[in-house]
Structure formats: structure tokens, C-alpha cells
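One structure follows; several queries about it will come next.
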Amino acid sequence: MTAPFLCHMHKKTEKNAVFHMDFTMVTYSSHLKMIDLGKPNNVGKGGGTLDILKLEKVIKNFGGVQALRDVDLNIRQGSVHGLIGPNGSGKTTTFNVISGVFSPTSGKVIFDGKNITGMTPYEIAKHGIGRTFQIPRVMPRMTVLENVMAGMYLRTSTDIMGTFFHLPFKESKQEKHIRYKAMEFLEFVGLDKSAGRWAGDLVWAEQQTLQIARALAGEPKLLLLDEPTAGMGAEESEFIENLIRRIKANGTTIILIAHDVKLVTRASDIVTAIEFGSKIAEGLPEEVKNNPRVVEAYLGTDE
Amino acid sequence: MEQMSRILKIEELSVYYGQICAIKRINMEVFEGEIVTLIGSNGAGKSTLINTIIGLQKATKGKITFMNEDITKVSTDKVIKRGISVVPEGRGMLASMTVLENLQLGAYHKKNVIEQNLEKVYERFPILYDRRLQKAGTLSGGEQQMLAISRAIMGDPKLILLDEPSLALSPAYVDKIFKILVELKKEGMTILLSEQNAKKALQYSDRGYVLDLGETVLDGKSSDLAGNPAVRSAYLGAD
Amino acid sequence: MESFIAQVINGLATGSIYALIVLGMNLLVLVRDIVHQGYAHIIMITMAAGWITLNTSGGNIAMAIAVMVVVGVLVTMATEPLFRPLCKRGAQLETIVLAMSVGIILTEFMSQFVNSGGNFAFPASMRGGGITLTFGLIRLSLANIIALISAVVVALVLLWFMHKTQQGRAIRAMAQNLRVAKMLGIPFGMTGMIGFGIAGFLAAIIAILIIMTIGTCGPSLGDTFAVKSVILMLFAGMGNLKGGLLSALFMGLIEAMALAYLPGSWTQAIFYGVIMLVIIWKPNGLFGTAK
Amino acid sequence: GCGSSGGAETTGSGESSTAQGELTISVLSAITGPIAFVGKPAAWAAEYAAGIINEAGGINGKTIKIDMHDTKFDTAEAVSAMSQVVDDALVVVGPMDAPGGEAAGQVAFDASVTNIAAFSFPDIRAQYSPFAIAYMTDSEEGDLLAAKHWVELNPDIKSIVVFANPTDPSQMATAEMLESGLPEVGVTVKKIIEVETGVLDAGPAAVQAINADVDGYYIGIRADEAAKVVSELRTRGVDEGNRICATFAAFSPNYSDVVSEDALNGTYIWNKLDPNYDGEEWNKLVEAYKADNEGASPTVNPVPDYYNALMAIKQCFEELNITGDPAKLETEKAAIAEWFYNSPVIEGIQGEFQWVEGKKVAPVYFFQFEGKQPVAVK
Amino acid sequence: MSTALSYFIIFCCVFIILTWAAYVPFRAGLLYNGTVYCMAIGGYFAALASKTWHWPFWVCIIGAIVVGAILGFIPALGFSRTSGIVTAVSSMALIFIIQSVIRNIDILGAGRGISGIPKIENLVLYSLILVLIVAVFIFRLDHSRLGRAFEAVQTDPDMAATLGVNVKIISVLGLTISSALGAVAGAIYAFNMRIIYPETFGFSLLLSVMTMLFVGGRYTQWGMFISVPLLWGINKWIPSSLAIYAQIIYGVILIVILMARPEGLVTRKMVAGVGRVFVRK
Ligand SMILES: Nc1ncnc2c1ncn2[C@@H]1O[C@H](COP(=O)(O)OP(=O)(O)OP(=O)(O)O)[C@@H](O)[C@H]1O
Ligand SMILES: Nc1ncnc2c1ncn2[C@@H]1O[C@H](COP(=O)(O)OP(=O)(O)OP(=O)(O)O)[C@@H](O)[C@H]1O
Ligand SMILES: CC(C)C[C@H](N)C(=O)O
Ligand SMILES: [Mg+2]
Ligand SMILES: [Mg+2]
């Protein structure tokens with residue numbers, strides 16, 4: 001499952017890839033079987049009727065700026081929920097409120113039946129929400145593989161004995177295990193060939209993809225993707241679209257922010273449009289796309 | 001437009017960010033007194049082109065000529081001094097400085113015209129006069145865009161570059177902004193703007209270039225472009 | 001009561017010196033967003049230049065002052081290019097370490113090449129503070145009054161400069177958003193140089209005032225001022241000119257009181273302990289950072 | 001004989017240099033760092049002494065070579081420097097500062113090398129005996145002597161305050177010594193006022209002192225701080241100069257430069273060297289120093305001390321007929337330690353002195369300023 | 001082994017461990033200037049334990065680790081509220097505080113310090129063993145779940161939080177580990193010097209440590225093996241006529257490295273390259 005857009009990149013960097021390869025990693029062999037990604041977390045597949053996330057009358061103010069005004073949002077379990085809106089309409093702010101970077105000025109966020117309003121980001125992450133950032137944030141001085149292993153923080157525990165009382169160059173069982181698992185996540189997003197490269201050397205599109213792999217590694221129930229195709233070409237976008245479908249197929253719920261209307265239309269089950277921090281339309285992609293307010297605010301009116 | 005003099009000329013310009021090629025061998029011209037639009041989707045290279053013109057981004061190859069002088073390797077401040085001004089993407093407010101201070105800095109290289117240009121700006125946008133002592137960061141999006149444009153004309157530039165002026169603006173504001181641009185054109189300024197909102201932009205501009213993945217795929221009169229089926233399907237939302 | 005008043009005056013005298021240094025450092029925060037510990041050492045070197053000039057010119061004060069201004073401005077400006085690559089990289093933490101090494105070099109320069117590393121005193125003619133008013137224990141020297149007034153005046157002038165002149169606005173714009181500032185045509189290097197130049201000029205003024213009030217200088221003077229001023233600057237809020245002035249005067253007072261009324265050598269522990277607790281309590285400083 | 005190639009040999013290695021007919025003597029001094037202004041003249045004095053010795057034919061027919069190391073006024077550097085020289089050395093001069101001396105002295109002690117350094121605490125000397133040899137007289141005892149002398153001359157002084165630096169162990173020890181020793185002569189120490197190194201404003205300290213309502217002020221701190229304290233005391237109402245007495249650590253050009261003539265007039269100070277001394281060798285040294293240092297005078301105490309140490313080494317080596325032969329290193333080292341531990345009387349550059357159980361016994365000098373001129377008091 | 005060499009090795013061991021003590025919090029994005037504070041704690045503890053209570057070497061070391069960790073943990077709680085330049089500058093205050101406190105405690109020898117710390121026969125061997133142990137410890141830390149969490153916090157605390165990392169706990173952990181390491185360095189230092197006093201643990205020591213960290217390379221644990229012998233040895237290797245400029249050379253090296261080689265002499269890429277040479281396919 002190699003991403004088409006990454007192929008030509010490898011030709012150039014294959015030598016480098018080996019060069020940067022973490023030497024504890026060369027024992028990796030590819031005959032391991034695929035594990036089921038994220039499956040244990042989810043009940044149904046492909047858009048059940050349960051709401052996994054609810055935003056109730058969420059308001060977020062920054063000083064005088066009202067970024068979110070009374071936003072209600074229901075995300076069905078197992079669906080891909082598109083979020084569109086002009087720049088500055090509050091999409092990223094919505095993500096930040098859900099993931100706990102900001103606590104809302106008022107309103108409630110309910111995830112999986114639990115009120116997570118005002119929790120710290122790491123607590124929310126523990127509850128099973130993973131996210132990516134509009135501008136990719138990867139750890140540049142770690143290998144791609146290590147980045148994904150870092151994403152498994154939540155699904156592992158610090159094993160003092162294994163960490164400190166093994167021989168220096170012998171890995172603990174857990175390390176070995178997550179190394180293989182991380183490799184599988186990389187294979188899943190098509191970055192396996194780059195596993196040994198430095199994340200800082202990846203190009204923008206690859207960093208976006210790496211972010212997704214890292215978020216997936218935390219095995220979230222809900223994945224927030226903030227413009228995963230920003231700065232990508234058509235071919236690359238298509239790959240991401242395909243990736244989103246596959247993540248969904250594993251049962252993970254996704255909220256997707258994208259400016260690319262075509263992507264949103266094709267990939268999402270439901271779309272919400274917001275403008276100036278308030279919801280202006282919600283429904284099936286085609287409905288929303290043709291909603292006059294959305295056309296006016298976001299897509300632009302025909303003359 | 002042949003009789004007009006050429007103010008900006010770009011020849012075979014290529015820009016790379018590391019390995020990524022953001023702009024591939026672009027050629028374009030801007031003549032005095034016209035509005036030229038750069039159309040392109042996200043990541044097409046519009047901002048990169050504008051940043052390269054003002055020297056914020058290094059050109060990998062090619063040549064940029066402004067008023068018959070080569071400015072390819074000239075530093076940003078000197079380019080601005082020669083009479084180009086920019087309305088940056090996302091408006092580029094100096095958020096914790098006041099509206100007045102933002103305006104004053106717009107004429108950094110022409111201190112002597114500040115007073116008279118301030119008057120003109122306040123006349124055109126009375127709201128800025130009311131808000132002149134407010135912090136720029138607390139203005140609404142539309143007001144910020146007005147401020148950004150006003151700031152760009154404070155120094156009496158010959159050429160204004162606008163990077164997505166309609167960004168995050170409600171349609172009402174978008175129309176207002178474009179009408180202002182047309183007024184500025186009438187006053188003799190030359191305008192080069194980048195837009196994703198191709199429909200509006202083509203409606204108000206004289207000519208346009210269509211950028212895709214860093215290359216100019218089409219160019220011509222705005223009306224021609226607007227009628228072009230390829231442009232219609234790709235940028236004007238007509239599937 | 002008499003001794004209390006005397007101690008208050010002592011405290012304000014020391015505080016006004018701290019205030020001036022903190023003002024200079026804050027200016028550099030506003031120019032380049034750096035914490036320039038070595039600024040204190042530049043002041044020290046400037047004083048040394050004045051002393052050498054006095055010695056070689058046979059006590060020509062005007063010439064000494066002129067040399068001090070030139071040295072202060074040039075040395076401060078010479079450190080600007082060192083910080084430039086770090087600023088462009090946005091590596092603020094590294095600038096502290098860089099400034100520390102500027103301090104090491106200047107200190108070592110002093111202990112090798114100036115007066116064989118010994119402390120030195122300025123002649124009474126330059127110390128100007130000879131004129132004093134004494135009421136028993138209370139002593140008011142002209143130099144202290146001048147220093148206090150200068151601190152306030154410098155703060156006001158800097159505030160005026162940063163807010164009311166085009167150059168000051170440009171400096172603030174650049175520290176606030178380098179990218180936008182460049183797009184407005186503000187030259188990065190030049191503006192930095194101007195900012196550093198002004199800080200250097202201020203360094204010369206401070207050097208003269210320290211000569212007037214303290215009258216001695218030596219290789220350890222830089223270190224003495226550096227850490228205290230940097231910590232004070234954080235205590236007040238980075239880049240906050242008004243806050244820096246008030247905090248420095250206040251801490252000068254506290255220090256004098258602690259020296260006078262606290263037992264033994266707990267003074268230092270208490271002084272730094274209080275500052276550290278306040279910084280932890282309010283990481284943006286008591287008066288808030290400039291941004 | 002001295003081969004002409006001797007100069008090309010590397011220093012620091014005793015073995016190879018002795019083969020060339022050279023004796024290496026290691027000297028440690030704080031050439032850089034905060035006390036470089038003392039350390040450099042001292043190092044200079046050692047080099048100068050070596051030059052004098054070599055001019056006169058060296059020691060036992062061998063030229064001597066100074067192996068100079070910088071301790072930077074840092075204990076770790078002092079230990080490190082000592083460790084570098086101690087394996088091949090017969091005797092080591094320095095470090096010059098008490099903490100550095102104490103730390104490095106241990107390394108010399110472990111290697112059974114005589115170390116002529118800053119051993120001013122009797123307990124440390126005892127611990128490292130017989131290798132710990134003080135290069136100067138004990139400061140604390142000098143202080144007590146001086147203070148007693150001062151109150152004798154001014155019988156109306158019945159109570160005093162002592163200024164001391166809390167970061168300097170020896171000054172705090174001095175203060176305590178005065179506290180327990182002065183009651184013998186009917187004087188009480190009312191308060192110890194702490195003045196830290198580099199203090200900017202001595203005002204608070206002076207006000208505190210005057211508030212203590214005493215008859216005399218004993219200033220036990222270094223020159224720069226001492227100068228500030230004296231100036232503050234004098235401008236805040238201590239009208240009679242004779243109420244102030246300062247320690248030898250204040251005896252430096254800074255002190256008389258900073259304190260105005262009026263303020264200095266009448267105050268006392270004691271010192272380990274006599275600035276007005278008029279001996280032939282001393283004058284030669286002063287001239288040479290001036291020639292090398294742009295006219296500055298070698299007024300710091302360790303200058304004659306480092307010079308004297310070298311001269312004592314010469315006398316010792318000649319009396320014991322030290323060869324520097326590596327084979328005999330151990331026996332010679334033991335003999336040297338024994339010689340220094342209780343030395344004969346030695347003719348120093350400013351008069352006679354002697355070591356008794358590692359302690360240097362030499363006269364100290366007591367002065368009263370007349371204007372800026374220190375005048376010896378008998 | 002010559003005295004010079006054994007002291008050189010021990011000092012290098014002290015500074016390597018001390019530089020690691022500054023390296024660990026830097027892994028979590030904190031420039032912690034409190035390492036010298038922890039060193040003082042470890043040094044004084046070891047001095048007291050061995051001289052007064054006659055504890056054997058290894059027990060002293062373990063005791064120093066425990067006491068260092070505990071006394072480092074307390075300020076760490078405070079510093080976890082701060083970040084960046086604020087942590088860097090305010091933690092400098094710790095040095096002055098600890099010096100002043102020690103000066104007022106008589107059983108710690110007040111201003112005079114503690115001398116006569118028992119001599120340890122095999123100190124060279126022991127300190128090499130300690131360096132090895134700490135090296136393994138840090139290697140394992142760096143290549144573990146916690147190490148990756150540190151890295152995430154260093155890159156971007158907000159991003160780290162979305163991975164489920166509790167940034168505060170990581171900061172506290174980093175500073176506490178740093179304190180324990182600083183204490184180990186202090187203990188070896190005390191045993192080596194056999195005398196300590198408050199001024200030993202001062203600002204100049206801090207400057208050396210920071211220089212060693214930034215010159216060696218603060219993104220890997222291995223840079224210290226180059227920078228420490230280089231910088232500690234500088235005035236022992238250069239001719240003595242230049243040795244008096246050692247401090248200036250020190251400063252210039254640091255400035256040049258900061259400007260021209262921002263990651264320091266040893267970068268992580270280099271380490272990975274060297275690693276590859278040693279491990280065959
Ligand atoms: N930390 C903040 N402080 C103040 N205002 C903020 C902050 N973050 C966001 N805002 C404001 O909130 C509004 C919504 O911003 P948000 O980033 O959510 O937009 P968005 O929909 O994600 O836009 P884009 O498509 O450009 O990413 C904007 O007006 C923005 O300026
Ligand atoms: N600093 C950078 N480093 C690496 N790549 C960059 C950088 N800036 C832009 N790019 C890439 O260059 C290409 C062109 O970007 P540019 O910002 O010029 O596009 P744009 O047309 O202005 O898009 P938008 O509509 O999003 O503003 C994109 O692929 C982008 O990802
Ligand atoms: C730094 C690592 C990425 C390289 C290698 N695994 C090492 O430790 O040493
Ligand atoms: Mg966004
Ligand atoms: Mg753009």
C-alpha cells in the first residue's frame with residue numbers, strides 16, 4: 001500500500017533512508033501480519049446512529065473576538081463528518097475546543113457519553129480523541145518511525161524494568177512490540193519506506209501523512225483531521241481521500257476540515273458548514289453544497 | 001494595453017522550497033493602471049509568487065523587473081521603497097499596535113506624506129478614523145482588510161500586491177473591497193492580486209493568470225477567462 | 001526613623017542604577033526579543049574606556065565622555081550581528097547563552113588588559129557626586145539624585161521614542177511580527193542596528209552615572225549587575241519599560257532594607273527567593289510582558 | 001652541563017629537564033579571573049626570582065625553570081593544576097587563595113610534595129603537615145595584633161564593629177577571633193556587619209554600623225568594598241579618622257584611590273609588606289616590575305612572598321644538595337619537607353623570616369595615613 | 001596512572017554527568033540553570049554522609065541521588081508552570097539561594113565549607129562506572145516511551161498533549177531526573193576535591209556546563225564526550241602563553257558554535273551515521 005505520490009520521492013532518498021536508519025531497527029522484517037487498526041475501540045462500522053461526540057451550545061470568545069457562537073454539533077459514530085467554512089470561521093477553533101487546547105467560554109462537549117468540557121488536552125487524548133494540525137507538527141529530530149512510536153504513548157505504559165534494566169542495546173519486549181506495530185501504521189499510510197528517515201526531512205505532504213499515522217497510533221475513537229490535504233496536489237489529495245476511507249472502514253470516526261469541496265463532498269457522510277462561528281447548514285454533502293447560504297458564504301454566488 | 005507602459009515583468013521564474021517546487025518557470029507582465037488577477041487553488045503558488053516579487057522569498061531561477069529595473073535580488077525593504085506595497089495574506093495586522101500606528105508604518109519610507117494620506121484614508125474609510133486608537137487585532141475581519149489596504153496605499157505606491165484580499169470576508173465585504181480596488185485603479189494605481197474566489201476577481205479585473213501547481217496554465221482578458229470552460233469547471237464551481 | 005530614611009535613600013540610589021540597566025535590556029527585548037546579559041558587561045567596558053581615556057589624556061573629562069559614548073555604541077552594535085542568525089531562527093533560549101558568552105569575553109578582556117585586572121577608581125572630578133547634602137545619617141548626593149532623575153527621564157524618553165516616532169514604531173513592529181514588518185519595507189538589519197545603537201548610547205549614559213555614583217569599576221562589575229538585572233527584568237515583565245523602572249526601584253529598596261534589618265547573610269536567599277516565587281507565580285512578570 | 005637544546009624541551013616534565021641540567025619548579029597562581037590583579041604580579045615575582053637565581057648561576061649548578069599554571073581563582077582548576085605537576089615535583093609554590101590552597105594542598109599531601117601556599121588556617125596546616133607550608137603570615141593573627149595595637153593607641157575605643165565578608169571564610173574567622181580576643185584588652189565587638197563582595201552601595205552597612213553606637217570600626221574586607229565603607233562612614237558622621245582601622249586585604253592602590261584624601265586621613269591600616277621599605281634588592285624588584293608593567297608598583301602582598309618562596313627554595317636546595325634526580329625523588333622530597341617545616345632563619349627581600357611548624361613567622365607593619373601616605377606607627 | 005590523568009578523568013566524568021543533568025531537561029524543552037544547585041546538594045550530602053556518618057561511597061551516591069531528587073522535585077513543581085526564557089532565568093536564582101542557605105547552616109560548615117572528606121581509593125574507576133551507568137540510563141530513557149514524550153514536549157507542548165502526554169508531569173520528571181544527576185556529579189566532585197564550600201557551586205560553574213552542553217550538541221547525549229574533554233582540557237593543552245586567554249577562547253568557541261553550528265558539534269544525524277557503521281546488516 002504505497003502512496004503513489006511518494007514513489008518518486010523514494011528514488012531520490014532511498015540511500016538517505018538507509019543512511020538515517022536507526023540501527024536498532026534493521027532487524028525489522030516485513031512478514032508480520034497486519035493487525036486490526038483501531039477495531040477494539042469501536043462498536044459499529046460505517047455510520048451507526050449513536051452520537052460519539054456532542055457539542056452543546058459551545059461559545060468561544062477571544063477577548064472581543066467571538067470565534068464560536070452557540071455551536072451545536074452531533075457526530076455519528078463511525079461516520080466521516082465534514083466541516084467547511086471560510087477562513088477564520090472557527091473550524092480550527094472547534095477542533096481546539098474538542099481537543100482541549102481551549103476550554104469553551106460556555107457550552108458543553110460530550111464525548112462517548114462523558115462530559116469532557118474543560119479537561120486538559122492530555123486527558124481528552126486519553127479518552128480517545130486524536131488530531132492532526134493544519135500546519136504539520138512533527139518531531140523533526142526523530143525518525144519517522146519514532147514519531148509514530150511517540151504516538152503510541154497512550155497505548156503503552158512506562159515499563160521501568162524494561163526501560164532501564166535491560167542490556168543497553170537490547171530492547172524491552174514492549175519496545176519491540178510497538179516498533180512492529182508502528183511499522184504497520186506506517187505501512188497503512190504508505191510511509192513504511194521512509195521509516196528510517198528524519199521526520200524533519202520529509203516534504204510537507206509526507207509530514208501531513210505522518211501526522212495522520214501518529215494520530216492513528218494512539219488508536220483514537222475519534223480522529224480530527226485539520227486540512228489534511230492542504231498544500232497537496234490532486235494525486236496526493238486522492239491518496240488522502242482513500243486513506244480516510246480506509247480509516248473509516250476500520251471503524252474510526254473522523255471529523256474532517258478541508259477547503260477542498262470536492263474532497264469533502266466525496267469523503268464525508270455528513271457535512272456541516274460554519275461561518276463567523278455559527279452553523280449555517282448541515283446535512284448530506286450534496287445538500288449542503290447546494291444550500292444557498294453556503295454557496296453565498298463559502299462557494300461564492302453565480303452572478 | 002500595448003500603449004501602456006509595463007510596470008512589472010516576470011521571466012522564467014522558478015522557486016523551490018527545499019525539494020518542493022512551488023513555482024515553475026512563470027512568465028507574466030503587469031502594465032500601468034490595470035488590475036491583474038492570479039487565480040489558483042490552495043497551494044498553487046500565489047503567495048509564493050507575491051513573496052518572491054518583494055524579495056521575501058528567494059527566487060531559485062529567473063528574473064523580476066520592476067519599472068525597468070532588475071529587483072530579483074533586491075532586499076524586501078528596498079523593493080518596498082521603490083514603490084511596491086503589499087496586503088499580506090491574512091491581512092498581516094500588527095495586532096497589538098493601534099490602527100493609527102499601523103497606518104503610519106504603511107508610509108515607512110515616505111514620512112512626509114503621512115498627514116495628507118491619513119486624511120485621504122479617513123475620508124475613504126470613516127470607520128478607521130473612529131477606530132484609530134483601537135488595537136488593530138481587535139478589529140473585525142472586514143475592518144482589518146480595510147486597514148490593510150489603507151496601510152498599503154499610505155506610501156503612495158506604484159504597484160499594490162494583494163494576497164487573497166477576500167479571504168475570510170463575507171460576500172458583502174468582498175464586493176466592497178473589489179469596488180475599492182477599482183477606485184484605486186481609477187486613481188492611477190496598478191494592482192496585482194491573488195484570489196481563490198475567481199468569480200469575483202475576474203469580474204473586477206482586467207486580465208488574469210491561472211496558476212496550477214506552480215505553473216501558469218492559462219492567461220488572458222478576464223472576460224475571456226471567465227468564459228473559458230476549463231476555468232469554469234475548475235475555479236468557478238460549475239461542476 | 002533617621003536611619004530608616006537613610007536606608008530608603010540608599011535603596012533608591014541602588015535601585016535607580018538597576019533601573020537604568022533594566023531599561024537598556026528591555027530596549028533590546030523590544031528590538032530583537034533577546035535577553036542580553038552581556039549588556040551589563042558592555043557598560044563595564046564603557047566605563048573602562050572612560051578610565052583609560054582619563055588616564056591617557058590627563059583627566060580630560062569631555063574627551064572621556066566622548067570616548068565612552070563611542071565605545072558604548074560601537075560595542076553594543078558589534079554584538080548585534082552575533083544575535084542575528086539566532087533571531088532569524090527564532091532561537092530565543094540560545095540567545096541567553098550567547099549573551100552569557102559575550103559577558104565572559106568582556107570580563108576576561110577586562111581582567112587581562114585593563115589595569116592588569118585590578119579594580120580602578122575614577123578621580124573625584126568625574127565622580128561629580130562630591131556635592132552631597134548630609135543630615136546626620138541621611139546623605140543625599142547629587143549623583144544619586146541625577147541617577148534617579150535620569151532613570152525616570154530615560155524611561156519617559158524611551159516610551160516616547162517607541163510609541164511616538166516612526167523609528168520606534170518600526171522597531172516594535174519588527175519585534176511583533178518580523179514578516180509583516182518586512183512587508184511594510186522596514187529593513188531588518190538597519191532597524192536592529194539603530195535599536196542596538198540607542199541601547200549603546202544608553203549604556204554610555206549608564207556608565208557615566210555609575211561612575212558618578214559608585215566611582216569604581218573592575219572586571220567583576222559586569223557579573224554583579226548582569227544576573228540581577230536580568231532576573232529583575234523578568235520579575236517586572238520582559239520588555240515592559242514602566243514595569244522595569246518601578247520594579248528596579250522597588251527591589252533596590254527591598255535590598256537595602258534587607259541588608260539593614262535582616263539578620264546575617266540570609267539577604268541573598270530572601271532576595272532571590274522572593275523574586276523566583278513571584279516569577280513562578282506570574283510567569284509573564286508582575287507588570288506583564290510587552291507583547 | 002646546560003645543553004643549548006634545553007630551551008626546546010617542553011616544560012612540565014621534570015624528568016627530561018633535569019637530564020638537561022634544569023630544575024623545574026612549579027608555580028601556581030591565579031593569573032586570570034577575579035583576583036588576577038594579585039595573581040599576575042605574584043607570578044611575575046616568581047619568574048623574576050628565578051631570573052635572579054639563574055643569573056647568579058642557578059641552584060647547585062643547574063638553571064631553574066618555572067612551570068607556571070593558572071588556577072583562575074577556582075578550586076577545581078587549582079586541584080587540576082596541582083595534579084598536573086605533583087608527580088614530578090620536588091616543591092610547589094601556590095595556589096595563592098585559601099580555598100584553592102586547601103583543595104590543592106591535599107593533592108600535594110597525597111604525593112608527599114612540599115607545598116608553599118595559602119595555608120592560613122592552623123587546622124588545615126596540621127592536617128597536611130609537614131607538607132603544608134604557609135607562604136605568608138597568618139592573616140587572622142595579624143588582624144588581632146593590629147586591632148590590639150590600634151585600641152592601645154586609642155584608649156577611648158571601648159566597643160567596635162567589625163566589617164566582614166560572609167563569603168570569605170578567612171574574614172569570618174577573623175571577625176570571630178576579634179570577638180573572642182579583644183575582651184582581653186577591654187574592648188567588645190558589638191556587631192559583625194556583613195558586606196558581600198562587589199557590593200554596590202555600602203550605605204546600608206555604614207548606617208547599620210553607626211546605629212550600633214560604637215567607638216571604633218574595624219574593616220576586615222577587601223580593598224574595593226573597604227573603600228566604599230570608609231567613604232560612607234566618613235561622610236555619614238565619623239569625623240575622627242583614628243576610629244577606623246582596616247586590614248591588610250584593603251591595602252591596595254584601589255583603596256587609596258577611591259577614598260578621598262580627607263576621608264583617609266588619620267585612619268589606620270596594617271600590612272604584611274612595608275610599602276616604604278628601602279632595601280637594595282627590593283628597590284631592584286620594584287624597578288624591574290615598573291619596567292615590565294608600565295610603571296605600576298608591585299604593592300600587593302604576595303609579590304615579596306612568592307619571591308621569598310623561590311629564594312627559600314634555593315637556600316633549601318643548596319643546603320640539602322638537591323639534584324632533582326628522579327631516582328632520588330622520594331628521599332629528596334622528604335628532606336625538603338623537613339627543611340621547610342621548621343626552617344632556619346631566611347633573609348627575605350624585606351627582612352628576615354622563618355617557618356615554624358609550617359607557619360610563616362615574619363613581621364607585620366602598622367600604619368596611619370597622613371593624607372594618602374601610609375606612615376608606620378611604632 | 002599519573003595523578004594528572006586520574007584527576008583529568010574524574011573531572012571529565014563530573015562534567016559529563018553534570019552536562020547530562022542539563023541535557024535531560026533540555027530534552028523537554030527547558031533550559032534549566034538549576035543544575036549547579038543540585039550539584040551543591042549532592043556534594044554537600046556526600047561530604048556530610050561520608051565524613052560525619054562514615055557511609056561508604058556507593059551508599060553516599062545513592063543517598064545523594066535520593067536527596068537530590070527530592071530537593072530538585074520541589075522547585076521543579078514551580079518551574080513546571082513556566083517555560084522557555086522564564087525557566088532559564090529564574091532557575092539561575094536557585095544558585096544564589098542555595099549558596100546563601102548553606103552559608104547559614106553550621107553543620108554544613110557555613111562559609112568555611114567542609115574539608116577532610118575521606119579519600120576514595122578507586123575514584124577513577126568508580127566515576128567511570130557512574131558515567132557508564134548514567135550513559136546507559138540516558139540512552140534507555142531517550143529510546144523509550146518517556147524519551148519520545150520528552151521529544152514531543154520539546155518540539156511542541158500543545159502537540160505533545162494531543163498525544164496524551166501530560167506536559168507538566170514530563171517537565172517535573174525531567175527536572176527531577178536532572179537534579180538527581182546533578183547530585184551524582186556533585187557527590188563525585190566532593191569526593192574528588194575532598195573540600196567543598198558554598199562558592200564552589202557558583203555562576204562560573206554554570207557557565208562551563210552550559211558551554212559544554214551547547215558546544216557538544218544538546219540534541220544527543222554523546223556530544224558531551226567531545227565537548228567536556230575539549231573545554232576542560234583547553235587550558236591544559238594549549239601552550240601556557242595562550243592559556244591565559246582560555247576564558248576568551250571559551251567564549252569565542254561558544255559564540256562560533258551557536259552561530260555556525262546551531263545543533264552543536266555532535267548532531268543526532270551524525271550519531272545515527274556512526275551507529276550504522278557499528279551495526280552490520
Ligand atoms: N488564540 C486565539 N486568540 C485570539 N483569536 C483567535 C485565536 N485563535 C483563533 N482566533 C480567532 O478565531 C477565529 C476563528 O479562527 P479559526 O482558526 O478557528 O478559523 P478556521 O476556520 O480554522 O480558519 P482557516 O480556514 O483559516 O484555518 C478567527 O477570527 C481567529 O482570528
Ligand atoms: N515555507 C514553506 N516551506 C515549504 N513549502 C512551502 C512553504 N510555503 C509554501 N510552501 C508550499 O509551496 C506551494 C505553494 O504555496 P503558496 O502558499 O504559494 O500557495 P497559495 O497559492 O498562496 O495557496 P493558498 O491559497 O493556500 O494561500 C504549496 O505546495 C506549499 O505547501
Ligand atoms: C540517535 C539515534 C536516532 C541513533 C541510534 N539509534 C543511537 O542511538 O544511537
Ligand atoms: Mg484552521
Ligand atoms: Mg496563499
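Per chain, numbering begins at 1; letters A, B, ... match sequence-line order. The shown structure was predicted, so the numbers you read here are calculated from the model rather than taken from an experiment.
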Salt bridge present between A:Glu175 and E:Arg140 (N-O < 4.0 angstrom):
no
How many angstroms lie between OH in A:Tyr153 and CG in E:Asn166, if you round to the nearest 0.5 Å?
7.5 Å
Crowding at CZ, E:Phe73 (>12 non-hydrogen neighbours, <6.0 Å)
no
Side chain to side chain contact (heavy atoms under 4.5 Å, CB included) between A:Met139 and E:Met159, intermediate numbers included
CA-CA 10 Å; A:Met139 290 162 262; E:Met159 181 268 288; 4.0 Å; yes
Taking all atoms of both residues into account, what is the closest heavy-atom pair of A:Ala125 and E:Ala161, and its distance?
CB-O, 3.7 Å
Roughly how far, to the nearest 0.5 Å, is the CG atom of E:Leu163 from the CZ atom of A:Arg137?
11.0 Å
Does any backbone or side-chain atom of A:Ile124 lie under 4.5 Å from a heavy atom of chain E? Answer side chain, backbone, both or neither.
neither
Is E:Asp156 in contact with chain A via its backbone, its side chain, both, or neither, using a 4.5 Å heavy-atom distance?
side chain
Step-by-step side-chain hydrogen bond (donor to acceptor under 3.5 Å, both in side chains) determination, E:Arg145 to A:Thr156
CA-CA 8 Å; E:Arg145 173 180 187 261; A:Thr156 49; 2.9 Å; yes
Quick check for you: to the nearest 0.5 Å, what is the distance between A:Arg141 atom CZ and E:Thr267 atom OG1?
9.5 Å
Shortest non-hydrogen contact from E:Ala272 toward A:Trp198:
CB-CZ2, 3.7 Å
